[in-house]
Number of protein chains: 2
Amino acid sequence: MEGLRDRTRRAVRAELAGRALDLFAERGFDETTVGDIARAAGMSKRSFFRYFPTKEDVVFGEIEVMGEQVAHEIATRPPQEQPWECLHTVLRGWEARINAQVDAMRLIESTPALRTRLLQKRDEARTRIVIALADRGMPPLEADLAAAAAGAALDAVAREWLRTGGTVDRLTLVDTAFTMLRPAFLT
Amino acid sequence: MEGLRDRTRRAVRAELAGRALDLFAERGFDETTVGDIARAAGMSKRSFFRYFPTKEDVVFGEIEVMGEQVAHEIATRPPQEQPWECLHTVLRGWEARINAQVDAMRLIESTPALRTRLLQKRDEARTRIVIALADRGMPPLEADLAAAAAGAALDAVAREWLRTGGTVDRLTLVDTAFTMLRPAFLT
DNA sequence: GCCATATGTGACACTCGGTGTCATATTTGG
DNA sequence: CCAAATATGACACCGAGTGTCACATATGGC
């Protein structure tokens, strides 16, 4: 069960993230130092890094264990399912869990350092997905192509969603992208 | 024409890159400081940054203006050409210009900081490609999907090529990937 | 309630990548 | 040959991130 420790930890993390986002919105990401964030939350710079590994990560909240989780879901799917359907389904479900605020995404998209961090996370997830697909018996090249294509689909979705200001339904968009991008070689 | 200045500049860059790669191979990327590289090439740390914007860039040699160049090539292609063929042709030609050594690629692939830098460069290129495609009259979502898919293809190619130790023909691999990944919605 | 242990925190020093600046060569083009 | 452009070294500086130590506070078993 969850003790006092974990609860306070999560509270502090939330507090820290909140203060940070305020400052980012106010003066911009690059113009805000970790020291500023820490002071705003009433703690030392050193302690900030006990809650977040990097300054960028404060923006990505709970999205941290994505790779691990997605790969696991793929691994535990019915083995006879077609790879593209598998990716579509899993990532669709994952996309549903993101009640991503438009603000955070705009910030990420307009800040090179954050965009880079996003690319890193996606790439890390892609690596794990490739392994999961290979475990299902897919040849390496095909697994690479499929995983990279799926990542490409999600990227296009995010951008299109941003373009519309977050008005259209994100899941519909995911379905559209996955349908449009379905590679010829996948059944 | 090319004066003395440009020639010496290129020579110094090459010297710097050579020394750097030696050191990276010897002790690893992270264990080598910019000061080390500069000293090995007989100059100050400050001067290193007059030749390369970041420590990572010393590995990527001439691959710097990729985005700009590729976008320009796309823009100057016959307008009636199908987008996927266009991307295929342009990136194929670009891939041909890379006499990428296996060693450099291995280094990149096994060093997170370098892998990240590669992702950045690819993403920057992708952005420009999307613009170029949009200028050709492609709807934004489709342009995003196509550009991201093309990037995905190249990534898979690079990885497969590495997997084989650089033995197979890279251009054939590019053709295979582009054929396999061709999205359904592109004619 | 008590105590040994684990965990959180601040403070401080340090490394390293990267930038601004200035003074001083060296090169270039006229 | 001379004035303007460019290259260099030296130095100071910033900010992200880490190691360490001393001290406080919480935890779980008794």
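Note on naming: letters A, B, ... go to the chains in the order of the sequence lines (proteins, then strands), and numbering restarts at 1 for each one. Values below: all heavy atoms of this structure, side chains included; hydrogens, waters and symmetry mates excluded.
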Integer-rounded Å distance: [N] [atom2] and [X] [atom1]:
X	N	atom1	atom2	value
E31(B)	dC16(C)	CD	C1'	13 Å
R9(B)	dT6(D)	CZ	P	12 Å
R50(A)	dG17(D)	CZ	C1'	13 Å
F29(B)	dC16(C)	CZ	P	13 Å
D30(A)	dG18(C)	CG	C1'	13 Å
F52(A)	dT18(D)	CZ	P	15 Å
R13(A)	dG8(C)	CZ	P	13 Å
R117(A)	dA16(D)	CZ	C1'	13 Å

I'd like to check the salt bridge (charged side-chain N to carboxylate O under 4.0 Å, His left out) partners of [X]; sequence neighbours left out, ordered by chain and number.
X	answer
R163(A)	E160(A), D144(B)
D175(A)	R92(A)
R182(B)	E85(B)

Looking at residues 34-47 of chain B, who's got a heavy atom less than 4.0 Å off DNA chain C? V34(B), K45(B), R46(B)
Per atom distances to the T33(B) side chain, the nearest of dC16(C), dG18(C), dT8(D) is dC16(C)
From dA16(D), dA7(D), dG17(C), nucleotide with atom closest to Y51(B) side chain: dA7(D)
Within residues 65-77 of chain A or reaching into it, pairs that qualify as salt bridge (charged side-chain N to carboxylate O under 4.0 Å, His left out) - sequence neighbours excluded: E68(A)-R128(A), E73(A)-R97(A), R77(A)-E81(A)
Can you find a heavy atom in the side chain of V102(B) that is under 4.5 Å from one in the side chain of W161(B)? yes
Would you please name every residue forming a side-chain contact (heavy atoms from CB on, under 4.5 Å) with S47(A), sequence neighbours left out? M43(A), S44(A), R50(A)
Contacts of A20(B) that satisfy side-chain contact (heavy atoms from CB on, under 4.5 Å) - sequence neighbours left out: F24(B), I37(B), V58(B)
Short N-O contact, D57(A) and K121(A), less than 4.0 angstrom: yes
For the helix from dG1(C)-dC30(D) to dG30(C)-dC1(D), what angle separates the axis at the start from the axis at the finish, each from five pairs, in steps of 10°? 30°
For residues 102-114 of chain B, pull every pair meeting side chain to side chain donor-acceptor pair (under 3.5 Å), keeping only residues two or more places apart or in separate chains. E109(B)-R115(B), E109(B)-R159(B)
